[in-house]
Structures are given as structure tokens and as C-alpha cells.
Novice: 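Got a structure here, written out as C-alpha cells. Questions coming.
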Amino acid sequence: MNRKKAREFAYQLIFSYLFNNEKDEFIEEKYNTDKELSDADIEYINFTFDIVKDNLDDIKAIIEKYAIGYQLDRIYKPDLAVLILAVAEMKYNEEVPDGVAISEAVTIIKKYSTAKSGPFVNGILASVYKELN
């Protein structure tokens with residue numbers, strides 16, 4: 001099982017979905033043929049994407065509540081995508097501990113975004129954590 005890599009593919013799908021409103025077939029082909037991913041990893045990716053697609057308005061409302069001073073359309077898209085991923089895991093996936101969702105989101109955003117994004121994402125997710133727990 002390679003959950004870190006699977007989570008990164010889920011992040012990429014969510015990022016693409018923010019622009020195209022559909023599942024990116026290129027990314028889907030990449031993870032379906034990735035030899036490092038198990039069937040459980042692929043199931044996680046698809047499950048997570050489906051959660052996001054089915055609950056995006058609710059997830060965005062939660063993020064917007066804690067993104068004080070930021071409208072969602074003004075949040076840098078890589079940051080928004082990782083926030084969506086983490087909130088989806090925290091609220092809808094009981095298999096992922098909230099602390100892991102937050103930690104992994106910060107790790108991903110350090111790779112894909114700016115130096116200021118880590119603290120921004122961590123701060124919003126800490127507030128979401130308090131609400132959900």
C-alpha cells in the first residue's frame with residue numbers, strides 16, 4: 001500500500017476537477033497503471049474523488065467559514081484543492097485520522113504551492129478539526 005502516492009493522485013484529480021468539472025482521464029490512467037499502487041490505493045483514490053464530487057458544495061462551505069478574509073475564488077487553486085482533499089477525508093472518511101489528513105495536506109502543499117501556503121492550509125484545517133471534533 002502506498003497511501004502517500006494515492007493521496008497525491010487524489011489531490012491531482014481534485015485540482016483538475018476545479019477547472020474541468022469532470023474526472024481527468026489522463027490522471028486516472030496514470031494511477032490505474034501505476035505498479036506501486038495496490039487495489040486498495042486505487043479504491044481510496046476513487047472513493048475520495050467521489051466524496052469530493054458528491055459533497056463539493058458542503059466542503060467548500062466549511063472551508064469558506066474558516067478562510068477568514070478570503071473568498072474561495074481568490075484562494076490559490078493548489079491550496080484550495082488540498083483543503084478540499086483534507087476536509088473530505090476529515091468529514092467523510094472514517095479510515096483516515098484527522099491528524100493524518102492535516103499532516104498529509106501540509107506535506108502535499110509544500111510540494112505544489114508557495115512557502116506561505118503551508119501555514120495557511122494548516123490554520124484552516126486546525127479550525128475545521130475543532131469544529132468536527
Novice: Search all heavy atoms of Ala115 against all heavy atoms of Pro119 and return the closest pair with its distance.
Specialist: O-CD, 3.6 Å
Novice: Looking only at heavy atoms, what is the nearest atom pair of Ala105 and Val82, with distance?
Specialist: O-CG2, 3.4 Å
Novice: What verdict does the salt bridge (Lys or Arg N to Asp or Glu O under 4.0 Å) test give for Glu131 and Lys65, after you've listed the backbone C-alpha separation in whole Å, the side-chain angles of each residue and the deciding distance to 0.1 Å?
Specialist: CA-CA 11 Å; Glu131 176 183 321; Lys65 180 177 180 180; 3.1 Å; yes
Novice: Kindly compute the distance separating CG (Asp34) from CG (Asp41), expressed to the nearest 0.5 Å.
Specialist: 9.0 Å
Novice: Once you round to the nearest 0.5 Å, how far does CD1 of Ile102 lie from CG of Leu83?
Specialist: 10.5 Å
Novice: Look at the side-chain heavy atoms of Ile, Leu, Val, Met, Phe, Trp and Tyr, link any pair under 4.5 Å apart, and say whether Ile14 and Phe47 land in one connected group.
Specialist: yes
Novice: One pair to check against side chain to side chain contact (heavy atoms under 4.5 Å, CB included): Lys4 and Thr107. What are the steps and the verdict?
Specialist: CA-CA 10 Å; Lys4 285 184 184 292; Thr107 299; 5.5 Å; no
Novice: Just checking Lys77: does its NZ atom have more than 12 heavy atoms from other residues, nucleotides or ligands closer to it than 6.0 angstrom?
Specialist: yes
Novice: Between Asn46 and Lys23, do the side chains contain a donor N or O and an acceptor N or O under 3.5 Å apart?
Specialist: yes
Novice: May I ask you to say whether Lys111 pairs ionically with Glu8, meaning some side-chain N is under 4.0 Å from a carboxylate O?
Specialist: yes
Novice: Can you measure from CD1 (Ile62) to CG (Asp58) and round to the nearest 0.5 angstrom?
Specialist: 4.5 Å
Novice: Answer whether the closest heavy-atom distance between the side chains of Glu89 and Asp98 falls below 4.5 Å.
Specialist: no
Novice: Could you tell me whether the side chains of Gln12 and Tyr112 share a donor-acceptor contact shorter than 3.5 Å?
Specialist: yes
Novice: Should Ile108 and Leu18 be counted in the same cluster of Ile, Leu, Val, Met, Phe, Trp and Tyr side chains packed under 4.5 Å apart?
Specialist: yes
Novice: How about OH on Tyr92, more than 12 heavy atoms from neighbouring residues, nucleotides or ligands closer than 6.0 Å, or not?
Specialist: yes
Novice: State the CG-OH distance between Asp24 and Tyr31, to the nearest 0.5 angstrom.
Specialist: 9.5 Å
Novice: Is there a path of hydrophobic side-chain contacts, each under 4.5 Å between heavy atoms of I/L/V/M/F/W/Y residues, joining Phe120 to Tyr76?
Specialist: no
Novice: Please determine which of Lys30, Glu29, Glu28 meets the side chain to side chain contact (heavy atoms under 4.5 Å, CB included) test together with Asn32.
Specialist: Glu28
Novice: Here's a test for you: under side chain to side chain contact (heavy atoms under 4.5 Å, CB included), which of Ile84, Ile124, Ile109 qualifies with Asp79?
Specialist: Ile109
Novice: Contact between Leu125 and Met90 at the side-chain level, heavy atoms closer than 4.5 Å - yes or no?
Specialist: yes
Novice: If you measure from OH on Tyr70 to CD1 on Ile75, what distance do you get to the nearest 0.5 Å?
Specialist: 8.5 Å
Novice: Taking Asn2 for its side chain and Lys5 for its backbone only, find out whether a donor-acceptor pair lies under 3.5 Å.
Specialist: yes
Novice: I'd like to know if the side chain of Tyr44 pairs up with that of Glu95 as donor and acceptor (distance under 3.5 Å, no hydrogens or angles considered).
Specialist: no
Novice: What's the verdict on side chain to side chain contact (heavy atoms under 4.5 Å, CB included) for Leu85 and Arg7, showing C-alpha distance, side-chain angles and the deciding distance?
Specialist: CA-CA 8 Å; Leu85 170 62; Arg7 186 173 278 109; 3.7 Å; yes
Novice: Answer yes or no: does atom CG of Asp39 have more than 12 heavy-atom neighbours from other residues, nucleotides or ligands under 6.0 Å?
Specialist: no
Novice: Heavy-atom count around Glu43 CD within 6.0 Å, excluding the residue itself: above 12?
Specialist: no
Novice: Rounded to the nearest 0.5 Å, what separates atom CZ in Phe49 from atom CD1 in Ile27?
Specialist: 9.5 Å
Novice: Show your reasoning for whether side chain to side chain contact (heavy atoms under 4.5 Å, CB included) applies to Lys60 and Val87.
Specialist: CA-CA 9 Å; Lys60 283 182 171 181; Val87 171; over 6 Å; no
Novice: Any side-chain to backbone donor/acceptor pair from Tyr11 onto Ala6? Under 3.5 Å, distance only.
Specialist: no
